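Notes follow the structure.
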Amino acid sequence: MNIQVKHGSIQDAQADALIVNLFEGVEVPAGATGAVDQALGGAIGDLIRMGDFKGKLNQVAVLYTQGRLPAPRVIVVGLGAVADFHADRVRQAAASAARRARDLGATSIASTAHGAGTGQIDPSLAAQAVVEGTLLGLYEWNQHKSKKDGKAIIDSLTIVEFDASKLGAIEAGAKAGDVAGRAVNFARDLINQPANVLTPTALAQAAQERAAQAGLKCVVHDVDWMRAQGMGALLGVTQGSVQPPKFIELEHTGADGAPLVLVGKGITFDTGGISIKPAEGMEAMKGDMGGAAAVIAAMCAIAELNLPIHAVGLAPTCENMPSGTAYRPGDVLRAKNGKTIEIISTDAEGRLILADALSHAADFKPKAVIDLATLTSACVVALGENVAAGYFCNDDDLARRVESASQTTAEKLWRMPLYDEYRDKIRSDTGDVKNSGGRQGGVGGSAVFLEEFTDYPWAHWDIAGMVLDKLGHTALYPRTHPPHVIRGGTGFGVRALVELARRW
Ligand code: ZN
Ligand code: ZN
């Protein structure tokens with residue numbers, strides 16, 4: 001999408017649809033919305049007076065300009081109450097308006113930076129949220145449909161700002177929103193792609209291509225390298241599959257010093273292995289590489305924005321299959337840091353490939369390490385599906401950074417405890433640790449297991465309940481389902497990682 005910022009009045013913009021906003025309870029529109037209302041002879045005021053438009057969040061009304069403006073249509077979108085306002089409401093409103101514009105057949109839209117006036121949010125953040133909401137809300141996954149549904153494609157978004165003093169901030173925000181929005185949609189593509197197409201080799205190739213475009217260093221290691229590194233846990237998981245495993249390493253050197261290392265679980269399909277999963281719903285396991293997708297996408301965005309940070313991305317990727325060569329319950333594997341792991345469940349494979357990746361992260365002498373993984377159904381039981389991701393952290397300063405970034409991007413993360421009691425549960429009779437401590441406290445057990453392979457400030461995000469959106473726009477919970485989250489892969493975590501890196 002071509003995204004630009006223009007100085008001027010929104011009512012003069014050339015586009016198939018103009019997008020302006022209203023807060024709930026406003027009786028006389030002001031600012032850009034007021035200017036459009038005047039140009040239309042009070043048509044927006046009429047909508048309000050007649051009670052047809054209340055300004056509720058994501059409420060949309062369409063007006064036709066009948067030659068009074070260069071643009072044929074005006075879309076008015078509600079931002080909700082001023083008291084409840086925050087940047088994610090801009091993202092949501094932009095998505096709602098853009099989706100309606102597309103339904104009407106528009107191919108170009110012009111919008112104000114919602115919230116930069118009355119809403120009193122930073123103009124840069126407002127512009128970023130408008131661009132993100134537009135890109136995320138218009139996302140479509142139809143690569144494997146032989147008949148596309150013929151929806152219009154909006155290929156141009158212009159943000160129009162009247163106040164020249166805000167233009168610089170709005171331009172910077174629009175650029176950041178463009179990079180972040182495209183990164184999330186790239187992660188969504190990877191997650192939505194079925195596992196027969198997105199093999200570990202294909203994931204590595206996609207990372208390499210995208211990294212080249214972003215100006216990001218990318219090295220893909222093969223199985224011989226893993227052997228040389230002593231990554232026995234990763235090698236154990238992959239040994240049941242005919243697909244060769246890959247270890248993707250990305251590096252952005254925007255500054256000197258110890259890096260921030262991001263690690264993502266890249267299981268391209270998780271059958272559970274010999275501890276096989278029930279058949280029902282197993283197709284969702286194509287999304288078990290959502291952590292890797294988020295890390296690869298975030299690293300590309302960090303490079304595109306050329307953030308002044310040293311960042312490394314690590315994504316171990318393989319399949320977890322049952323076969324005559326598959327690893328078994330009872331097997332003992334040795335991870336790169338020398339610790340031995342007794343296998344209780346071959347379905348707890350994510351923590352095994354992360355054990356080697358987290359051990360490898362230590363080689364970079366990191367300032368901090370954050371891993372993202374679709375790790376446990378226990379986390380989904382605890383916090384719910386499409387509600388929040390759970391996170392664990394051994395360092396309060398890092399935890400504060402994680403929370404403030406995720407609050408800004410409205411990607412919910414809830415901190416969980418690293419209690420000693422969980423450590424007792426993963427003690428093994430045969431090896432140093434075992435890869436499952438049982439169902440109860442299963443999410444805590446998975447986190448203290450990972451901690452065994454860290455010796456640095458570390459945070460672990462369990463995104464199992466967030467990687468796929470199952471509600472979409474047939475939303476069961478329409479009041480809370482954001483319109484910029486599309487059914488299928490969500491790209492959860494990408495924006496928060498980029499925000500965290502931006503503030504690093
Ligand atoms: Zn599993
Ligand atoms: Zn898994």
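Computed from a prediction, not measured in an experiment: that's the story for all the values here. As the structure lists them, so they are numbered: ligands from 1, and atoms in each ligand from 1.
- Geometry note: the Zn ion (ligand 1) is the vertex, Glu349 OE1 and Asp347 OD1 are the arms, and the angle is 120° (rounded to 10 degrees).
- For the Zn ion (ligand 2), the N/O/S atoms of Asp270 include one lying under 2.8 Å.
- Within the 2.8 Å limit, Lys265 places at least one N, O or S atom next to the Zn ion (ligand 2).
- Remark: Glu403 does not engage Arg415 in a salt bridge, criterion side-chain N to carboxylate O under 4.0 Å.
- Considering all non-hydrogen atoms of both residues, Leu497 and Ala294 come closest at CD1-O, 4.2 Å.
- Ala496 approaches Ser406 most closely through the heavy-atom pair CB-CA, 4.1 Å.
- Within Asp288, OD2 is the N, O or S atom that lies nearest to the Zn ion (ligand 2).
- Contact between Asp88 and Thr409 at its shortest, heavy atoms only, is OD1-O, 4.4 Å.
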